[in-house]
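Sequence positions, counted from 1, serve as the residue numbers for this chain. If you're wondering where the values come from, they're calculated on a predicted model, not measured in any experiment. Scope of the values below: all heavy atoms of this structure, side chains included, with no hydrogens, waters or symmetry mates.
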Amino acid sequence: FVGRLQGFQFFPDTQAEGIHGKAARNAAAHVLSRELGMRARRVIAAKSDAFKLTRRGQILWRDDEIARLEAGDDPLKPTVVVSADEHLSASDKEKVRERLVAWIAEIVGERLKPLVEIAAAKDIAGLARGIAFRLSENFGALRREAVAEEMRALDQPARAQLRNYGVRFGAFNIYFPVLLKPASAELALVLWALKSGAAHGLDSAALPDPPRPGLTSLVADKAVPEVFYRITGFHVCGPRAVRIDMLERLADKIRPLVAWRADPANPGQPPKGATGDGGFRAIPEMMSILGCSAGELGNVLQALGFRLDRVRIEPTVEQPAVNAENNVAAAEQTDVLASEADGAVPASEALGTPPVADTGTPAGEPSVTALDPSPADQPPPEVKWDEIWRPRRHGGQSQAPRRGKPVRHKPAEDRAQQPKFARNSRPPERREHRRQGPPQRREDRPRNLVQSASPPAKGGINPDSPFAALHSLKLALEKPSQD
């Protein structure tokens, strides 16, 4: 045993020392040259499925590393470095490198085809070309808020050009749906780590584990940068990372609920979760899309810019049902008791019921009856809340419309015409009024006289007072006596 051969590298046995070990290594060198040459020819003729690319950027052949990738000028065209020692000839090494470069270009063109096509497109210009470059630079996933200004200026023909290459303009992201497949996302992560991993504090040789295939959302690791999840096809929403296409499905679910309004001319059943005033309630279908609980969905909605309005649901008090027959009987008994009080027949005879037997209760003592428990002994009703989500308004704080009244906003020109006063200040006319004349002392100011006694009489009797009526009656009585 003189050593071990892995790929195109020979690792000699360190225990073989002395003249015998040196002779063995010299003999092995002639054999290694022929063996590595044969391996190089087999690698050159191998099919594409004979190679594997690891997350660390290693290229394997028969589970042995034969090359590794390094960052190049173009993120989609990494540099291939063959892992071989001096026993492999330079010509064979170059042929192996060319074969591996062709294989890398093949898998990049297969798994990241939209990026390759849009980078080489000749019919895209202007703002659309800039967005296409940003998409290629970010491996097919771009936050919409990052290019908000460009999107406002992008016209529909330019958007149509990008759509022809598979670009989708979502509510929160601009992305290629086909690049969300596990194979495409894994290759994009390897190439991104080679180019930009070190700038975000990540080592390409020790990358974090990406999200497992099939997950629609997962808890985001705070130690992992946001761009790591975006390259793998996930959008970080607060404490949770949601797959981009699932996030757009959630937006498609919310959009009609926010836009729905009741139509008096065509009444119908509102969509499930719609409130009719620009808000919506979280429904189980939304949680099913993300595969999370109601609380986790709330965190996602809050991170996306929605605000929560909690409205207390007042408990409804159920009135006891009153039997109509009991009401009629009670009315008849009242009439009979009234007639008995007027001297008519006794109530027991009129109602046709025998008189009530003596219960043994002394006269004057109240009878004891079963009473309902007092309301204070009953447990208080459980407080329930109606949680309504509303989108935030752009350009300022959101304002909820008043109940039954729409929010009215004054035009800008009306607001500009209104005078603006500082805090605790008076209008100009009041300030000018205060400037006129010297200030008065406290003793010079007019004082309001306060009278504690009744006001003096003005002469005569008020004709509207009762004393006037008594006076006129007195005069009428005194006139006959004088006659």
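- The pair D92-R41 does not meet the salt-bridge criterion, since no charged nitrogen lies less than 4.0 angstrom from a carboxylate oxygen.
- Other residues, nucleotides and ligands contribute more than 12 heavy atoms inside 6.0 Å of the CZ atom of R159.
- L36 has its side chain out of reach of F10: every pair of non-hydrogen atoms, C-beta onward, lies at least 4.5 Å apart.
- Counted within 6.0 Å of CZ on R143, heavy atoms from surrounding residues, nucleotides or ligands total more than 12; the atom is thus considered enclosed.
- For D245, the salt bridge (charged side-chain N to carboxylate O under 4.0 Å, His left out) test picks out R243, with sequence neighbours left out.
- Side-chain contact between W61 and L100 is absent, with no heavy-atom pair separated by less than 4.5 Å.
- Taking all atoms of both residues into account, the shortest heavy-atom contact from L180 to G233 is CD2-CA, 3.6 Å.
- Minimum interatomic distance between A158 and D155 (heavy atoms only, all atoms of both residues): CB-OD1, 3.0 Å.
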Stepwise side chain to side chain contact (heavy atoms under 4.5 Å, CB included) test for L32 and D85: CA-CA 10 Å; L32 285 174; D85 52 21; 5.8 Å; no
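- With a 4.5 Å cut-off on side-chain heavy atoms, L5 and R39 count as touching.
- A salt bridge does not link K384 with D386: every distance from a Lys NZ or Arg NE/NH1/NH2 to an Asp or Glu carboxylate oxygen is 4.0 Å or more.
- Summarising the geometry of F234 relative to A241, their closest heavy-atom pair is CD2-O, 3.7 Å, with the distance given to 0.1 Å.
- For the pair L53 and L69, the minimum side-chain heavy-atom distance is below 4.5 Å.
- No salt bridge links D252 with R249; every basic N to acidic carboxylate O contact stays at or beyond 4.0 Å.
- No side-chain heavy atom of F139 sits under 4.5 Å from any side-chain heavy atom of K195.
- A salt bridge links E35 and R42; the closest N-O separation between the charged side-chain nitrogens and carboxylate oxygens is under 4.0 Å.
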Would L162 and L135 count as a side chain to side chain contact (heavy atoms under 4.5 Å, CB included) here? Give the steps. CA-CA 11 Å; L162 294 175; L135 284 171; 5.6 Å; no
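- Here E285 pairs with K272 in a salt bridge; the nearest charged N to carboxylate O distance falls below 4.0 Å.
- Pairing each heavy atom of G278 with each of P391, the nearest pair is O-CD, 3.5 Å.
- Atom CZ of R212 has 12 or fewer neighbouring heavy atoms from other residues, nucleotides or ligands inside a 6.0 Å radius.
- Under the 4.5 Å side-chain criterion, counting only non-hydrogen atoms from C-beta, F51 is in contact with V43.
- Residues L179 and L115 have side chains in contact (heavy-atom distance under 4.5 Å, counting atoms from C-beta outward).
- The two residues S48 and W103 make their nearest non-hydrogen contact at O-NE1, 3.1 Å.
- Within 6.0 Å of atom CG in D203, more than 12 heavy atoms from other residues, nucleotides or ligands are found, so the atom counts as buried in its surroundings.
- By the 4.0 Å N-to-carboxylate-O rule, K95 lies too far from E98 to be salt-bridged with it.
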Give the intermediate values and the outcome of side chain to side chain contact (heavy atoms under 4.5 Å, CB included) for residues I118 and S136. CA-CA 8 Å; I118 202 170; S136 300; 3.6 Å; yes
Could you go step by step and tell me if D221 and F228 meet the side chain to side chain contact (heavy atoms under 4.5 Å, CB included) rule? CA-CA 10 Å; D221 189 356; F228 177 87; over 6 Å; no
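- A perpendicular orientation is assigned to the rings of F306 and F280, their planes being inclined by more than 60° (bins at 30° and 60°).
- In this structure, a donor-acceptor pair under 3.5 Å is absent between the side chains of R240 and N299.
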